[in-house]
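Order of appearance sets the numbers: ligands from 1, and atoms from 1 within every ligand. Computed from a predicted model, the values in this text were never measured in an experiment.
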Amino acid sequence: MDSQNSNILIQISDLIISGNYKSISSVIEEALRTKITANEILSSGLLKGMEIVGIKFRDGLIFLPEVLMSAKAFKEAMKIIEPLLIQENSSDKIGNGKILLGTVKGDIHDIGKNLVGVMLKGNGFSVVDIGVDASIDKFVEAVEKENPDIIGLSAMLTTTMISMQKTVQILKEKFQTKLIIVGGAPVSQNFANKIGADGYGKNAIEAVELCKKLLRIN
Ligand code: B1M
């Protein structure tokens, strides 16, 4: 990558860190004009920036209002690159199956879940997203209405892992044969095994691979 491209990506990461949601769209447009791909913008710009936001927040260097602005900037950027990400990550397969996604009760983080949805769509899955802070009842109703092939639960807080566990337990009681996958920063393969989920995806790419594997799609 030439130095002009890496400068723009650093600029994008800095705009996420500073939560500059007003300027980010024009810089993303500029990056696309210089032929930087949406995947590069995501991984080397947006996600790099958000990682630093997380570290600064953890270390008490920034506070909730700043993190909210960073999240807003991330979402502004995603509005532009989402269709391109779907294109860049698309397989020629269509009609791979239906995935129901939601962030569990008590948790309002949705950037990671949304990204999982984008990558799934790019790989021919249809996605039904029930949003954040989703109660067990909301999951149950959505499963009854949508009859998805796989239910995907996201949790980003250590405190909401218990919500995830309860949701998986009730969904498994009600819909014995439905496949359930889980993910999110505090979640691990061990935790997934412990709560009886059928799979764990560390990131959006792994989530797609997992859905393909569970539904036996090559
Ligand atoms: Co919050 N937050 N936050 N936050 N936040 C974290 C998660 C935290 C790690 C920050 C920190 O301390 N370093 C920390 C959690 C600590 C813990 O519990 N271990 C934390 C905290 C404490 C909180 C609050 C409690 C703060 C407070 O109020 N005092 C509060 C909780 C609110 C609530 O949910 N009830 C809170 C609030 C917020 C904001 C609203 C300000 C905002 C969220 C905005 C939004 O999502 N719309 C926010 C943000 C932005 C973050 C950080 C900085 C970034 C999260 C993010 O979007 N990452 C985060 C720190 C961090 O993670 N580094 C943090 C980018 C995203 C693409 O990655 O979400 O990991 P990620 O998703 C990945 C994978 O996890 C995986 O794939 C995704 C894509 O690759 N994945 C799945 C996710 N879901 C999946 C599902 C799958 C498979 C894979 O299958 C179904």
Which atoms from ligand 1 have a heavy atom of [X] less than 4.0 Å away?
{"X": "A71", "value": "44 (C)"}
{"X": "A185", "value": "75 (O)"}
{"X": "V116", "value": "77 (O), 82 (C), 85 (C), 89 (C)"}
{"X": "G184", "value": "75 (O), 81 (N), 82 (C), 83 (C), 84 (N), 85 (C)"}
{"X": "M50", "value": "50 (C), 54 (C), 56 (C), 58 (N), 65 (C)"}
{"X": "D107", "value": "34 (O)"}
{"X": "L47", "value": "67 (C)"}
{"X": "L68", "value": "40 (C), 41 (C)"}

From the N, O or S atoms in H109, identify the one nearest to atom 1 (Co) of ligand 1.
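The closest N, O or S atom of H109 to atom 1 (Co) of ligand 1 is NE2.
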
Would you confirm whether [X], through its side chain, and [Y], through its main-chain N or O, come within 3.5 Å as a donor-acceptor pair?
{"X": "N203", "Y": "I205", "value": "yes"}
{"X": "E146", "Y": "V143", "value": "no"}
{"X": "N96", "Y": "N123", "value": "yes"}
{"X": "S44", "Y": "I41", "value": "no"}
{"X": "D107", "Y": "D133", "value": "no"}
{"X": "K113", "Y": "L101", "value": "no"}
{"X": "S13", "Y": "L9", "value": "no"}
{"X": "E66", "Y": "F63", "value": "yes"}
{"X": "K166", "Y": "M161", "value": "no"}

Does any N/O atom on [X] come nearer than 3.5 Å to any N/O atom on ligand 1?
{"X": "D110", "value": "yes"}
{"X": "I181", "value": "no"}
{"X": "G152", "value": "no"}
{"X": "E51", "value": "no"}
{"X": "N203", "value": "no"}
{"X": "A204", "value": "yes"}
{"X": "G54", "value": "yes"}

Under 4.5 Å between side-chain heavy atoms, counting indirect links through other Ile/Leu/Val/Met/Phe/Trp/Tyr residues: same cluster for V187 and L157 or not?
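No, it is not one cluster - the side chains of V187 and L157 are not joined through contacts under 4.5 Å.
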
Under 4.5 Å between side-chain heavy atoms, counting indirect links through other Ile/Leu/Val/Met/Phe/Trp/Tyr residues: same cluster for L171 and V128 or not?
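As far as the 4.5 Å side-chain criterion goes, V128 and L171 are connected within one cluster.
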
Note the single closest protein heavy atom to [atom], along with its residue, its atom name and the distance in Å.
{"atom": "atom 76 (C) of ligand 1", "answer": "K202 O, 3.5 Å"}
{"atom": "atom 34 (O) of ligand 1", "answer": "I108 N, 2.7 Å"}
{"atom": "atom 11 (C) of ligand 1", "answer": "F57 CD2, 3.7 Å"}
{"atom": "atom 50 (C) of ligand 1", "answer": "V67 CG1, 3.6 Å"}
{"atom": "atom 55 (C) of ligand 1", "answer": "M156 CE, 3.9 Å"}
{"atom": "atom 18 (O) of ligand 1", "answer": "T158 OG1, 2.7 Å"}
{"atom": "atom 15 (C) of ligand 1", "answer": "L157 CD2, 3.6 Å"}
{"atom": "atom 89 (C) of ligand 1", "answer": "G201 O, 3.2 Å"}

Please determine if [X] and [Y] form a salt bridge, counting it only when a charged side-chain N lies under 4.0 Å from a carboxylate O.
{"X": "K98", "Y": "D149", "result": "no"}
{"X": "E76", "Y": "K79", "result": "yes"}
{"X": "D110", "Y": "K75", "result": "yes"}

Examine the side chains of N89 and N39 and answer whether a donor and an acceptor come within less than 3.5 Å of each other.
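Result is yes, a qualifying pair exists.
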
I'd like to know if the side chain of Q189 pairs up with that of N193 as donor and acceptor (distance under 3.5 Å, no hydrogens or angles considered).
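Short answer, yes.
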
Below a 4.0 angstrom heavy-atom separation, can you tell me which part of [X], side chain or backbone, both or neither, approaches ligand 1?
{"X": "V187", "result": "neither"}
{"X": "V182", "result": "backbone"}
{"X": "E206", "result": "neither"}
{"X": "I111", "result": "both"}

For [atom], is some protein heavy-atom partner under 4.0 Å away?
{"atom": "atom 36 (C) of ligand 1", "value": "yes"}
{"atom": "atom 8 (C) of ligand 1", "value": "no"}
{"atom": "atom 74 (C) of ligand 1", "value": "yes"}
{"atom": "atom 52 (C) of ligand 1", "value": "no"}

Counting neighbours of NZ on K172 that are heavy atoms of other residues, nucleotides or ligands and sit closer than 6.0 Å, is the number greater than 12?
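Yes.
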
Any chance NZ of K56 has more than 12 other-residue heavy atoms, nucleotides or ligands included, within less than 6.0 Å?
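No, not enclosed.
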
Does ligand 1 have any atom that is closer than 4.0 Å to a heavy atom of K75?
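K75: in contact with ligand 1 (<4.0 Å).
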
Would you call L64 a ligand 1 contact, heavy-atom distance under 4.0 Å?
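Heavy atoms of L64 do come under 4.0 Å of ligand 1.
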
Step by step, work out the salt bridge (charged side-chain N to carboxylate O under 4.0 Å, His left out) result for E141 and K138.
CA-CA 5 Å; E141 277 164 32; K138 194 166 182 186; over 6 Å; no

